[in-house]
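Just below is one structure, and these are the notes that go with it.
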Amino acid sequence: QVQLVESGGGLVQAGGSLRLACAVSQRTFSTYRMGWFRQAPGKEREFVAAIGWWSGSTTDYADSVKGRFTISRDNVENTIDLQMNSLKPEDTAVYYCAADLGDGRISRLVRDYDYWGQGTQVTVSS
């Protein structure tokens with residue numbers, strides 16, 4: 001069983017920054033593809049960013065966050081981070097980290113991820 005615990009959410013003004021972290025329980029963490037998703041009230045869960053296994057040299061971002069958000073991983077600490085800059089009110093949502101234990105490419109699809117954290121609230125005020 002893989003456990004993921006997010007932290008770092010909060011309330012910030014538009015234009016500000018937040019850094020989310022996700023701690024993963026398994027020692028085989030370096031082999032997992034990891035992703036961040038978000039869900040706003042009344043909307044479906046949507047892809048934000050993903051990072052490949054091991055070195056994390058492969059990344060992918062939703063168009064809405066490209067250039068503002070950065071995903072990274074630390075295989076020693078078993079964590080992934082999401083640095084969020086230039087935040088906008090439309091970034092307000094519950095943010096989830098997720099682990100994909102498969103052996104394919106990094107994915108933008110919710111159904112491809114096997115384990116999920118409990119989520120952390122990010123609220124951006126205008």
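Throughout, residue positions are numbered sequentially from 1 according to the sequence presented. Values below: every heavy atom of this structure, side chains too, minus hydrogens, waters and symmetry copies.
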Apart from Phe37 itself, its cluster of hydrophobic side chains linked below 4.5 Å comprises Phe47, Val94, Tyr96, Val110, Tyr113, Trp116
What are the two closest heavy atoms between Thr70 and Tyr61, and how far apart are they? CA-OH, 3.4 Å
Same cluster or not: Phe29 versus Ile106, using hydrophobic residues (I, L, V, M, F, W, Y) connected whenever any side-chain heavy atoms lie under 4.5 Å apart? no
Under the side chain to side chain donor-acceptor pair (under 3.5 Å) rule, what pairs show up with a residue in residues 5-14, not counting sequence neighbours? Glu6-Gln118
May I ask you to decide whether Lys66 forms a salt bridge with Asp63, counting only side-chain N to carboxylate O separations under 4.0 Å? yes
For the hydrophobic clusters of this structure (ILVMFWY residues joined by side-chain heavy atoms under 4.5 Å, transitively), does one cluster hold both Val48 and Ile71? yes
Is Thr120 reaching over with its side chain to a backbone N or O of Tyr95, donor-acceptor style, under 3.5 angstrom? no
Of all heavy-atom pairs linking Leu87 and Arg68, the shortest is CA-NH1, 3.9 Å
Gln83 vs Asn85, test: side-chain hydrogen bond (donor to acceptor under 3.5 Å, both in side chains). Steps then yes/no. CA-CA 7 Å; Gln83 177 66 43; Asn85 298 328; 2.9 Å; yes
In the single-linkage hydrophobic clustering (I, L, V, M, F, W, Y; side-chain heavy atoms under 4.5 Å), do Val12 and Leu82 co-cluster? yes
Residue pair Tyr32, Asp114: steps toward the side-chain contact (heavy atoms from CB on, under 4.5 Å) verdict: CA-CA 10 Å; Tyr32 303 161; Asp114 303 290; over 6 Å; no
Rounded to the nearest 0.5 Å, what separation is found between the CG atom of Asn78 and the CZ atom of Arg73? 9.0 Å
Can you see which heavy atom on Cys97 is nearest to which on Leu4, and at what distance? SG-CD2, 3.5 Å
Nearest heavy-atom pair of Pro89 and Ala14: which atoms, and what distance? CD-CB, 4.1 Å
Would you say Met84 and Val65 are hydrophobically clustered, going by side-chain heavy atoms of ILVMFWY under 4.5 Å? yes
Side chain to side chain donor-acceptor pair (under 3.5 Å), paired with Glu46, selected from Arg38, Arg108, Gln39: Arg38
Val122 side chain near Leu18 side chain, heavy-atom distance below 4.5 Å: yes
By side chain to side chain contact (heavy atoms under 4.5 Å, CB included), Ser30 pairs with (sequence neighbours left out) Trp54, Asn75
Test your reading of the model: is there a side-chain donor-acceptor pair from Asp112 to the backbone of Ser107, 3.5 Å cut-off? no
Where Thr123 and Gln121 come nearest, the two heavy atoms and their spacing: OG1-NE2, 3.3 Å
For the OG atom of Ser72 and the CE atom of Met34, what is their distance to the nearest 0.5 Å? 11.5 Å
Inspect the contact between Asp60 and Arg105 and indicate whether a charged nitrogen and a carboxylate oxygen are less than 4.0 angstrom apart. no
Any side-chain heavy-atom pair from Trp36 and Ile80 closer than 4.5 angstrom? yes
What do you reckon, is CD of Gln3 surrounded by more than 12 foreign heavy atoms closer than 6.0 Å? no
Could you give the distance from CG (Leu20) to OG1 (Thr79), rounded to the nearest 0.5 Å? 12.5 Å
